[in-house]
Amino acid sequence: IVIPPPNVTGRLTLGHILNNTIQDILIRYKKMNGFETLWIPGMDHAGIATQVKVEEERLLPKGIRKEDLGREKFLEQVWRWKEEYADVIRMQLRKMGCALDWTRERFTLSEDYSKKVIKVFVDLYNKGLIYRGEKIINWCPRCLTALSDEQVETENKSGKLYYIRYPMKGSNSFVVVATTRPETMLGDTGICVNPKDERYQQLVGKKVLLPIMNREIPIIADDYVDPEFGTGALKVTPAHDPFDFELSKKHNLQIINIMNPDGTLNEDAGEYAKMDRFEARKKIIEHLKSLELLEKTENYTVPMGICERCETPIEPRLSKQWFVKMKPLAEPALEVVKNGTIKIYPKRWINLYNHWLENVRDWCISRQLWWGHRIPIYYCKKCQEMEKSQIPDPKQDKGIVVSESKPDRCPHCGSTEIYQDEDVLDTWFSSWLWPFATLGWPENTDDFKHFYPTQTLATGWDIIYLWVARMIMAGLEFTKNIPFSNVVFHPMIRDEKGRKMSKSLGNSPEPMELIEKYGADALRLGLMLITPAEQDVLYSEKSIDVGRKFCNKLWNAARLVLTGFPQTPEGFPDELSDFDQWILNEFNQLLKDAEFYLNNFEFNSLSRRLYDFVWHKFCDWYLEIIKIPPYNQKNISKYLLRQVLKVLHPFIPFVTEEIYQKFTKKEKSILLENYPTICDIKSSTTMVSELINLVTEIRNIRGLFSLPHNETTTIVISTDDERRNLIEKNTTVLQKLAKLDSIVFGNKPKTAVATIVLPRVIGYLILKGVDINKEKKRLETEIQFLTQRIDELKNRLNNPRYFNQVNESVRQKEEKRLEESLVKIEYIKQAMENL
RNA sequence: GGGCGAAUAGCUCAGAUGGUGAGAGCGUCUGCCUUACAAGCAGAAGGUCACCCGUUCAAAUCGGGUUUCGCCCACCA
């Protein structure tokens, strides 16, 4: 396993705890099952995220901008930040018990790793899969960089739809257009209508006068325009809308960029130059009103893109950026999931994966940032100048050199005036190499040969596009192999009200404080107990307390086992009591379930199953029984506890190790032991179950008659020989567990009694204040219930269709239920007569 | 607009291939300081499994539809 590298932006969150707990469980489980395991740690430089953090927390308070420092000085600051938080993250991963191999720690911006990133860029460029293009991209006016489509989140904001009149040239009439971003009108270079729209057909080819700017712009026709929306006429702003840009190319419209990178308007916006885009919106509306060119305003929900890092509204902006052609990479990635070479858990995420890859668009990878891998593109000043005067075709990248290291001379003209592109690469352009770059690729290292492809990637579903799909593409493209066989998507952690964890809401708990308060094991187990496979986790601190209580319970149980039975052997004893067999049988079932759940990455189910076994089987019944002589002299508690600790260890490594050391006297870590295997059970364990049922029934009736728990009572039992033997053999156990002073065999005593009926056993509890009529009623209700059930079962079993279709084991179970019910009803009737 | 998911006890959720009298944790109530554990033990109450129709000997589970909620994607400005 290679860790999904945490961002060096800050401390780990609860989400990281969840993510790493899952991986640690897998690593420890496989290790104990005899596999060679490796879990590689590492961190991600997280380009934009870290840069924004450092600016906000290190520079802003001092009132300086990064431009004041300059690129080099600023990067020094970021590296210092990185070192600080890398230390914190290392400490956090250790505290939560992650069995990582720290000798192999990696970083996406280390010198070594950077070389791999640059190599990949150059390779892709040479293969024609990277190109420079002038397109409308997502621009964050706050971060001053381009973003990929995946780094933009869409929020539906309530806004307005403005209807603006564009006067026809040489006429008194208007064409009315509807827009949500009226300020962009300053950059309009056309009006577009649907050619089939009869309202406008005669206007196509004519011109309107753009208000405020007083520019003549043509009316064109294109199928793209939906006649139903707004007025059916679309204002075309090529520099500020992706489709308008396409239209402008198709119809040869002028392209006018009216905005500066920081979201203020530029000189092409006339009198609005230097004004912020939202301020300009208000002013322009006022302006249009005064010209009587604003026809109306409607409320409208606007899907607005915001920067995932700073939540600033994105501005679609025309600019020259570097792109990766995704289609050729996507096809093989789709195939490996389709044919099952890579398995995705839970399955439902496959849909999402496919949908994205089938509709994938080219990936904008250049960022106008400082923190990141500098793009290995070098420009020749001379050629560029030549290009401007001689070769006007912008598609030709003349004067550009793509190289892993800085070239001395321009290969075209021999000039030494060469400078590198200022931009860096998208942070995900390094992350997508993670599974193999961490193992030494492109060198054919021992690690790479031995450990690649990796087995399992565990991560949150939120980065399925940003990261997972791209890693699969990169793995197939560069290593000709899948990067991992399994992808386990775990849910997002939300607060109790279902809201996302965020700093501004203050609902994001600090994991280290939780570890301080409850212990790392409690945190790990508590999270596993509440983390469903397919739904988001609603976190509350209570669940961590549940984890802590469990650890405490285990600790106390271990205390009893280690000190309470000094005579018992530590190994597997020669002779097993009925109760030993019973608990071993239960343990075998647990092991079967554990294997199933782990193979299917169902950690939640397994953690619940473990909890239930340890608490409600091992502690509540087995440990209680073996306190009672003669079982306190001879039992398998020490053996079984050791096995149980091993099964629990992947979930709660610390407390299990601590207890285990008490056995081995600090000689060997429990992690180096073998995982338990299923052992033979010779005899049937149903008799013990019957005994347990009898105890439960007695406790139940005692409760019904409000008998205080410190008072004992007498029971008279009428049963067959087999059960009489069983009960006689376990008299003390029964007495202790059911609070009985004596057990007598025989028929109903003359005193008033409460009646307990099990198949083949009638028990009469001698109690005060028993109302015979109420007892009769209680038993009659039971008879009624059983009669109904017997009818149902008989009907079913006599039905040939049932008989033919149902599988053997189910039918046997049903037959047994019928038999038990028939026996039980006879016993109840017998008990009724005695009343 | 397209797609995905959810609806089960007061709350948060389990219930794989249809088949036990639908479970757990928390909360509530009753009784217990029983020598591992009061951070605990023994019990109880509490559910028309959102609604309708269908398939089946049998549906919380499968199919169709309805309602409510959540998420993702999308170039109707």
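If you're wondering where the values come from, they're calculated on a predicted model, not measured in any experiment. Reckoned from all heavy atoms, side chains included, excluding hydrogens, waters and symmetry mates. In what follows, chains are A, B, ... by sequence order, proteins preceding strands, each numbered from 1.
Rounded to whole Å, the P atom of C41(B) lies 14 Å from the corresponding atom of U34(B). When the P atom is used for both U12(B) and C53(B), the distance is 29 Å, rounded to whole Å. Here the separation of C71(B) from A58(B), taken at their P atoms, is 40 Å to the nearest Å.
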Exercise for review: Take E820(A) and K816(A) through the test salt bridge (Lys or Arg N to Asp or Glu O under 4.0 Å) and record every step on the way to the result.
Suggested key: CA-CA 6 Å; E820(A) 294 287 286; K816(A) 200 169 175 194; over 6 Å; no

Review point. Stepwise, does the salt bridge (Lys or Arg N to Asp or Glu O under 4.0 Å) test hold for E711(A) with K768(A)?
Key: CA-CA 12 Å; E711(A) 259 178 56; K768(A) 279 175 202 160; over 6 Å; no

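For the pair L357(A) CG and G3(B) C1', the interatomic distance rounds to 16 Å; values are reported in whole Å. The nearest whole Å value for the distance from the CZ atom in R702(A) to the C1' atom in G31(B) is 10 Å. Atom CZ of F229(A) and atom C1' of G1(B) are 13 Å apart (whole Å). Rounded to an integer number of Å, the gap from L247(A) CG to C76(B) P is 13 Å. Computed from coordinates, the Y353(A) OH to C72(B) C1' distance equals 17 Å when rounded to whole Å. Separating the CG atom of N194(A) from the C1' atom of A77(B) is a distance of 14 Å, rounded to the nearest angstrom. Between the CG atom of L818(A) and the C1' atom of U20(B) there is a distance of 13 Å, given to the nearest Å. The CZ-P distance, from F785(A) to U20(B), rounds to 12 Å in whole Å.
Ring pair Y345(A)/F601(A) is perpendicular by interplanar angle, where above 60° counts as perpendicular and below 30° as parallel. Between Y631(A) and F579(A), the ring-plane angle classifies as perpendicular under the 30° and 60° cut-offs. The aromatic rings of W615(A) and F550(A) sit tilted relative to each other, their planes meeting at an angle between 30° and 60°.
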Check your understanding: What string of B, S and - do you get for nucleotides 35-48 of chain B 5' to 3' if you count protein non-hydrogen atoms under 4.0 Å?
Key -> -BB-BSSBSS----

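OP1 or OP2 of G21(B) sits under 4.0 Å from a side-chain N or O of R817(A). Phosphate proximity of G21(B) to R789(A): present, with a side-chain N or O under 4.0 Å from OP1 or OP2.
Atom CE of M326(A) and atom CG of L357(A) lie 8.0 Å apart (nearest 0.5 Å).
Seen from the ring of Y166(A), K235(A) does not count as a face-on cation partner, given the 6.0 Å and 45° thresholds.
Side-chain N or O atoms of K638(A) include one that pairs as donor or acceptor with a backbone N or O of F565(A) at under 3.5 Å.
Each of K813(A) and Y465(A) was assigned the nucleotide of RNA chain B with the nearest heavy atom; the assignment lying further toward the 5' end belongs to K813(A).
Here the side chain of E814(A) is nearest to one of U34(B), U20(B), C75(B), namely U20(B). Proximity note for R361(A) (side chain, C-beta onward) versus G5(B), C75(B), C71(B): the nearest is C75(B). Of the candidates C73(B), C33(B), G21(B), the closest approach to any side-chain atom of N710(A) belongs to C33(B). For Y611(A), the side-chain atoms get nearest to G25(B) when compared with the rest of A77(B), C4(B), G25(B).
In secondary-structure terms, RNA chain B builds stems of at least 3 consecutive Watson-Crick or G-U pairs, each pair having both distances under 3.5 Å, at B:1-7 with B:67-73, B:10-13 with B:23-26, B:28-32 with B:40-44, B:50-54 with B:62-66.
For D462(A), the side chain to side chain contact (heavy atoms under 4.5 Å, CB included) test picks out M492(A), with sequence neighbours left out. Scored by the side chain to side chain contact (heavy atoms under 4.5 Å, CB included) test, N599(A) finds E595(A) as partners (sequence neighbours excluded).
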Polar-atom pairs under 3.5 Å, protein N or O versus N or O of nucleotides 55-58 of chain B: list them with distances, or write none.
unit_1 : atom_1 : unit_2  : atom_2 : d
C57(B) : OP1    : R801(A) : NE     : 3.0
C57(B) : OP1    : R801(A) : NH1    : 2.4
C57(B) : OP2    : R801(A) : NH1    : 2.9
C57(B) : O4'    : N799(A) : ND2    : 2.9

Under 3.5 Å, which N/O atoms of the protein pair with N/O atoms of nucleotides 8-17 of chain B?
unit_1 : atom_1 : unit_2  : atom_2 : d
C13(B) : O2'    : R608(A) : NH2    : 2.8

